[in-house]
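Working notes for the structure below.
Predicted, not measured: the structure shown is a model, and the values here were computed from it.
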Amino acid sequence: MNSVFTDEEHRILLAALEREKQVCREYDQEHDSENKLAPIVKRIERKVYDLQNQDADLKRHFLAAEEPEWDPENRFHRCPSCRRRIHEYHGFCKHCGKKIDWQPLMKKRKKEAEIRGRKEGRKR
């Protein structure tokens, strides 16, 4: 799991939160107060899960490259994430930081150039 915590740290943290939740439940049963502790520990546990998932989402956004979209009306490329104009062959969108994969476009253009070269060779 690529995230803030290693797998081992994550398991230890969740186990510690589970033990703390049990202690807080026992305390809440013994003491009748308005401020219950068990729901607070549950919210902390939910935040730990969110932090793990958020980190994975950020890595997917910044490290997983996607092919840019072509806007035929305006004749330029758009970022697949934020849909704003991007410059050709820049590795990342300057607006949102999304990694851009130009390889498919480069292969397509290389193939088109080879075809053009063959056609020009036949004309001579």
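Atom-to-atom distance recorded for L13:CG and E9:CD is 9.0 Å, nearest 0.5 angstrom. Atoms CZ and CD1, on R78 and I100 in that order, are 12.5 Å from each other to the nearest 0.5 Å. To the nearest 0.5 angstrom, E67 atom CD is 8.5 Å from K108 atom NZ. Distance check, rounded to the nearest 0.5 Å: CD of E18 to CD of E20 gives 11.0 Å. Rounding to the nearest 0.5 angstrom, the gap separating the NE2 atom in H10 from the OH atom in Y49 is 6.0 Å. Taking CZ of R46 as the reference point, atom CG of L17 lies at 12.0 Å (rounded to 0.5 Å).
Using modelled atom types and a 3.5 Å distance limit, the side chains of Q22 and R25 yield a donor-acceptor pair.
For the pair K107 and E112, the salt-bridge criterion is not met [side-chain N within less than 4.0 Å of a carboxylate O].
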Side-chain donor-acceptor pairs under 3.5 Å in residues 36-45, sequence neighbours left out?
unit_1	atom_1	unit_2	atom_2	d
E45	OE1	K21	NZ	2.9

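Partners of E66 under the salt bridge (charged side-chain N to carboxylate O under 4.0 Å, His left out) rule, at least two apart in sequence or in another chain, are K98. Every side-chain contact (heavy atoms from CB on, under 4.5 Å) that K99 has, sequence neighbours left out, goes to A65, F92.
Summarising the local packing, CG of N74 is surrounded by more than 12 heavy atoms from other residues, nucleotides or ligands at distances under 6.0 Å. Remark: E8 CD is loosely packed, at most 12 non-hydrogen atoms of other residues, nucleotides or ligands lying under 6.0 Å away.
Note: H77 and W102 meet the aromatic proximity criterion, with ring centroids under 6.0 Å apart.
No donor-acceptor pair closer than 3.5 Å links the side chain of W70 to the backbone N or O of F76.
Residue C93 is tested with P68, P80, C82 for a side chain to side chain contact (heavy atoms under 4.5 Å, CB included); the sole match is C82.
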Worksheet item: Checking side chain to side chain contact (heavy atoms under 4.5 Å, CB included) for the pair K110/E114: CA distance, chi angles, key distance, verdict?
Response: CA-CA 6 Å; K110 183 178 179 183; E114 289 173 357; 3.7 Å; yes

Item to complete: Determine, step by step, whether E69 and R83 satisfy the side chain to side chain contact (heavy atoms under 4.5 Å, CB included) criterion, reporting the C-alpha distance in whole Å, the side-chain angles of both residues, the deciding distance to 0.1 Å, and the verdict.
Response: CA-CA 8 Å; E69 299 172 0; R83 302 254 190 274; 2.6 Å; yes

